[in-house]
Amino acid sequence: MSTDFDAVIVGAGFGGMYMLHRLRQKGFAARVIEAGSGVGGTWYWNRYPGARCDVESVQYSYQFSAELEQEWEWTERYATQPEILRYANHVADRFDLRRDIQFETRITSAVFDETANVWRVETNKGDKVAARFVITAMGCLSSPNTPKIEGLADFKGPTYHTGNWPHDGVAFTGKTVGVIGTGSSAIQSIPIMAEQARHLTVFQRTANYTVPAHNKPLDPAYVAKVKAHYPEMRKRAKTKPAGIDFVINMASAIETPEAERRRLFEERWAYGGLGFMASFSDLLLNDESNKTAADFVRAKIREVVKDPKTAEILTPKNIIGCKRLCVDTGYWETFNRPNVTLVDISDEPIERITAAGLRAKGQDYAFDCLVLATGFDAMTGALLKVDIRGRGGVALKDKWREGPKSYLGLTVVGFPNLFTITGPGSPSVLTNMLPSIEQHVDFIADCLEALRARGVSVIEPIEQAQEAWVGQVGNAANITLRSTCSSWYVGANIPGKPRVFMPYIGGLPAYIAACETVVKNDYEGFALA
Ligand code: NAP
């Protein structure tokens, strides 16, 4: 059976772009289908004010090309969304990727034809394409969650979702604004919207932990040093669970004397960023240790927020790091502003959206614009929006009705020749996405090359291997406190979604080792035909 392409790649974010590059290098014909009008994935869609990556720019970048590493200049410790989008565009131009990317097109279905062993892919533009492989690179946080609050359509003003922000920006100057949500996107955007708006009302269901970014322009001497030692830094990063090169203090928080513990927390706090959770090795393993970090942050909130009642509402009650830790610039300080109001909706959901604003706890709130910072249907949302059907016409959404199951987060029993970059069961969202993406892509590209070399046309994981991996993902999750709260990691933010801890929390090094063993043992766990 002839095919139009060896592979169809879904999405032109960092995963899809690198996948295309690697497949081309190996002489495969690939076509990328991308819904947006440009490359960049999450950085194309999430254009809300203040959007920036909370992994340091020199680490949140590709490492596959030394030339690219040397020629690109990051300007800030944490890159802004526009800068990362410029980087994505630079990569697309530098490696001449656009000619194989079909923009403004969504895949609507991908059906495996068992008689010909090809995927038949259809798009919303009427394309019908046959390909040997389908490789999804759709992102883990790319399907925005618009909560089903009654009356949403009644609101007379504009409604914006942080995950699908207007490309021309939004002028909030002189406007009154309502914001629903206090996750990472809200915590980044609220301080900036508050500076612009006449009045900002924040509706908070769950208070969140955040650590200061201490963002700053990058010193050229520091950049030169990083550039001179990129390979060593990347190598060190790959030995760390999160794939980020920061120092993990291997001591236990509760076994460390209080004064010393406080000194170490202060040191990390002053440095800023996600490395705060690496102050001690057991913060996510032990309730008591976790409480020391949580109490430290709670005290910081009381130091900053002047009104004790507001400080109390902003103080998280749950485990620190259970929901994704946020990184901010001036978040709590924002609640000292006279034009900002915080409304606690933890005990009663919003009653309804009204024409003028919303009604919560029996009170009406009016505003000109509404911002939904309400997150995503994470890890499975984008995949399950497409009608993906494997053997016997079985739909992925039926296969995953009780929760996603995969082999290595990359492949699914019953769906031959389908690869899911950063799929559920992979470390992805618990790691620095760029090295994780590159590892996945290299694994897939090498696999396709190995199959071609031996004339194999179909690869599919076997049931026992998938069950064993699912068991490993579950066991790893059970060890940490991270699986114990209602987060998007377990699908708790989407009503009706099965509660399964979706990412693999065993760390990037363990995951890389597992993939290497699979390859070394001749694609152990896969059936090749
Ligand atoms: P999120 O963390 O899921 O936060 C969504 C917020 O909306 C939560 O406060 C949630 O409350 C609230 N919410 C949802 N439905 C609601 C409803 N019906 N009524 C009231 N409140 C509701 O989403 P996000 O902020 O977009 O972040 C998602 C992830 O994207 C992050 O965890 C992070 O991994 C990534 N991200 C990274 C960066 C970065 O690199 N700096 C920036 C943004 C996002 P509950 O907590 O009670 O559910």
Side-chain angles (χ1 to χ4, degrees), residues 41-43 45-57 59-60 76-81 84 139-152 160-165 178-190 201-211 213 215 242 244 272-274 314 316-318 321-329 331 342-353 358-361 370-379 381 422 428-434 482 485-495 497 502-503:
T42 202
W43 304 106
W45 299 103
N46 286 264
R47 301 181 189 227
Y48 59 84
R52 63 173 80 233
C53 187
D54 55 15
V55 175
E56 296 189 16
S57 52
Q59 303 209 45
Y60 187 87
E76 291 181 65
R77 179 178 175 190
Y78 296 101
T80 59
Q81 172 273 329
I84 303 173
C140 298
L141 296 154
S142 50
S143 177
N145 166 40
T146 299
K148 292 186 176 52
I149 303 172
E150 204 189 320
L152 204 52
Y160 307 104
H161 194 295
T162 47
N164 189 6
W165 200 259
V179 184
I180 301 177
T182 49
S184 296
S185 304
I187 282 177
Q188 287 188 330
S189 55
I190 282 170
T201 308
V202 178
F203 298 90
Q204 175 191 279
R205 188 164 69 180
T206 310
N208 232 323
Y209 292 96
T210 177
V211 292
N215 183 46
I244 305 175
L274 294 171
L314 285 170
K317 313 291 181 283
N318 51 2
C322 194
K323 289 192 180 206
R324 170 70 144 63
L325 188 64
C326 304
V327 179
D328 75 284
T329 299
Y331 178 64
L342 178 66
V343 181
D344 176 14
I345 51 163
S346 59
D347 49 354
E348 259 182 63
I350 291 166
E351 282 170 50
R352 61 170 298 123
I353 308 288
L358 66 76
R359 188 169 176 77
K361 296 166 96 167
L370 173 61
V371 173
L372 299 175
T374 46
F376 302 89
D377 182 354
M379 301 207 77
T422 65
S428 53
V429 289
L430 300 174
T431 64
N432 181 0
M433 289 298 272
L434 267 286
R482 226 167 187 164
C485 64
S486 299
S487 66
W488 57 257
Y489 295 128
V490 295
N493 63 330
I494 304 295
K497 191 165 172 171
M502 293 180 284

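Counting starts at 1 for both ligands and their atoms, following the listed order. Source: prediction; values computed, not measured.
The side chain to side chain contact (heavy atoms under 4.5 Å, CB included) test applied to Asn46 returns Thr42, Tyr48, Phe376, not counting sequence neighbours. When the disulfide (SG to SG under 2.5 Å) test is applied to Cys322, the partners found at least two apart in sequence or on another chain are Cys485. Considering only residues two or more places apart in sequence or on other chains, Asp54 meets the side chain to side chain donor-acceptor pair (under 3.5 Å) condition with Arg324.
In this structure, ligand 1 sits under 4.0 Å from heavy atoms belonging to Tyr48, Arg52, Cys53, Asp54, Leu141, Pro147, Ile180, Gly181, Thr182, Gly183, Ser184, Ser185, Gln188, Arg205, Thr206, Lys323, Arg324, Ile345, Ala373, Thr374, Gly375, Phe376, Trp488.
Counting heavy atoms from C-beta outward, Gln204 and Leu314 have side chains that approach closer than 4.5 Å. Counting heavy atoms from C-beta outward, Leu372 and Leu370 have side chains that approach closer than 4.5 Å.
The aromatic rings of Tyr160 and Trp165 sit tilted, their planes meeting at an angle between 30° and 60°.
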